[in-house]
Amino acid sequence: MLELISEHSCFGGVQRFYKHDSATIGLPMRFSVFIPESKDDAPLPALFYLAGLTCTEETFPIKAGAQRVAAELGLILISPDTSPRGAGVPGETDAWDFGAGAGFYIDATEAPWSKHYRMESYLHELRGLVTQELPVDAARLGIFGHSMGGHGALTLALKRPDVFRSVSAFAPIAAPTRCPWGKKAFGGYLGADQAAWRKHDASELMAAASTPFPQGILIDQGLGDKFLAEQLYPEAFEEACKQAAQPLQLRRHAGYDHGYYFISSFIEDHLRFHAANLGGLRRSA
Ligand SMILES: N[C@@H](CCC(=O)N[C@@H](CS)C(=O)NCC(=O)O)C(=O)O
């Protein structure tokens, strides 16, 4: 059951914020959804947007400026929170890059995190919920995200290309098993066994795949991003795409940093990319 927290008219459609009791997480969760105006009740293609470290379900609708073009293209935009809230794990709010606000879109296997920190399964619970309760076409789903959420988008799509038919990312953590953010999160949530980590590393998953997205993957990366050298490794994902014969458009932009001024500068391209892949306003066959 969805509880509507607020609704705001926006570019002819509605920006909504919902709360619901998640069976997967075992706690209340929040998400945002933009629903464009629609002439009939036909289900619309939908994009899941996964935000980065420290963000919530509000960050994307407030800062990315995606609604105007989504309204034009007839795309629903869904953005979940980035972790459980109030799980009561000791120390969960002590660091900004682990615990609350940093769920990494994986299911923790290490106690005490494993009880509530199950964001990968949660995304699929949310997918079921929105396709049931909102005018979302389950056959036309895409996924994109930023930084930690870029890692989430790439890995969730690579694990389930049958579900997510289109994927893109902004400044993704593209090889988490190699970078400090990823090592900290995977060590904490998954334990010391690095074989378990590799199952959630976009570059590892891509290297083992064979052209899962023939229509291509779009990644934008700012070259003024202070996290680029130490944390993001887009070149590892680029190399993996070559190995997997996966078409990739990796666009490197001089001067842009890691924040939402960068994202809002290129959001329109991502929305048009997904709409083209998912068939825009047309009904699925
Ligand atoms: N708190 C961190 C930065 C965290 C950060 O940059 N988070 C990114 C995602 S990884 C973000 O989107 N922040 C929210 C925002 O820019 O509005 C720092 O002090 O360097």
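Scope of the values below: all heavy atoms of this structure, side chains included, with no hydrogens, waters or symmetry mates. Indexing begins at 1, ligand by ligand and atom by atom, following the structure's order.
- Looking only at atom types and distance, the side chain of Asp201 has no donor-acceptor partner in the side chain of His151 under 3.5 Å away.
- Listed by atom number, the atoms of ligand 1 under 4.0 Å from Thr54 heavy atoms are 7 (N), 13 (N).
- When only modelled atom types and interatomic distance are considered, Glu7 and Gln15 share no side-chain donor-acceptor pair under 3.5 Å.
- The pair Arg30-Asp81 does not count as a salt bridge, with every side-chain nitrogen at least 4.0 angstrom from each carboxylate oxygen.
- Heavy-atom contacts of Gly52 reach the following atoms of ligand 1: 9 (C) (cutoff under 4.0 Å).
- For the residue pair Tyr117/Glu92, the side-chain donor-acceptor check at 3.5 Å is satisfied.
- For the 3.5 Å distance criterion, the side chains of Thr24 and Glu125 qualify, holding a donor opposite an acceptor.
- Closest to atom 5 (C) of ligand 1 among all protein heavy atoms lies Leu53 O, 4.1 Å.
- At the shortest separation from atom 18 (C) of ligand 1 among protein heavy atoms lies Trp96 CZ2, 3.9 Å.
- When heavy-atom distances to ligand 1 are checked against a 4.0 Å cut-off, Lys226 comes that close only through its side chain, counted from C-beta outward.
- On a distance-only criterion, Lys63 and ligand 1 share at least one N/O pair closer than 3.5 Å.
- Summary of contacts: the protein heavy atom closest to atom 16 (O) of ligand 1 is Tyr260 CD1, 3.9 Å.
- Taking the six-membered ring for Trp and thresholds of 30 and 60 degrees, Trp96 and Trp181 have ring planes more than 60 degrees apart, a perpendicular arrangement.
- The two residues His124 and Phe164 have their closest heavy-atom pair at CE1-CE1, 3.8 Å.
- Heavy-atom contacts of Ser147 reach the following atoms of ligand 1: 10 (S) (cutoff under 4.0 Å).
- Every atom of ligand 1 is numbered from 1 in the order shown, and the set under 4.0 Å from a heavy atom of Phe227 is 6 (O), 20 (O).
- Residue Cys55 has no N or O atom closer than 3.5 Å to an N or O atom of ligand 1.
- Ring pair His258/His146 is tilted by interplanar angle, where 30° to 60° counts as tilted.
- Residue contact check: His146 has heavy atoms under 4.0 Å from atoms 9 (C), 12 (O) of ligand 1.
- Heavy atoms of His258 found under 4.0 angstrom from ligand 1 belong exclusively to the side chain.
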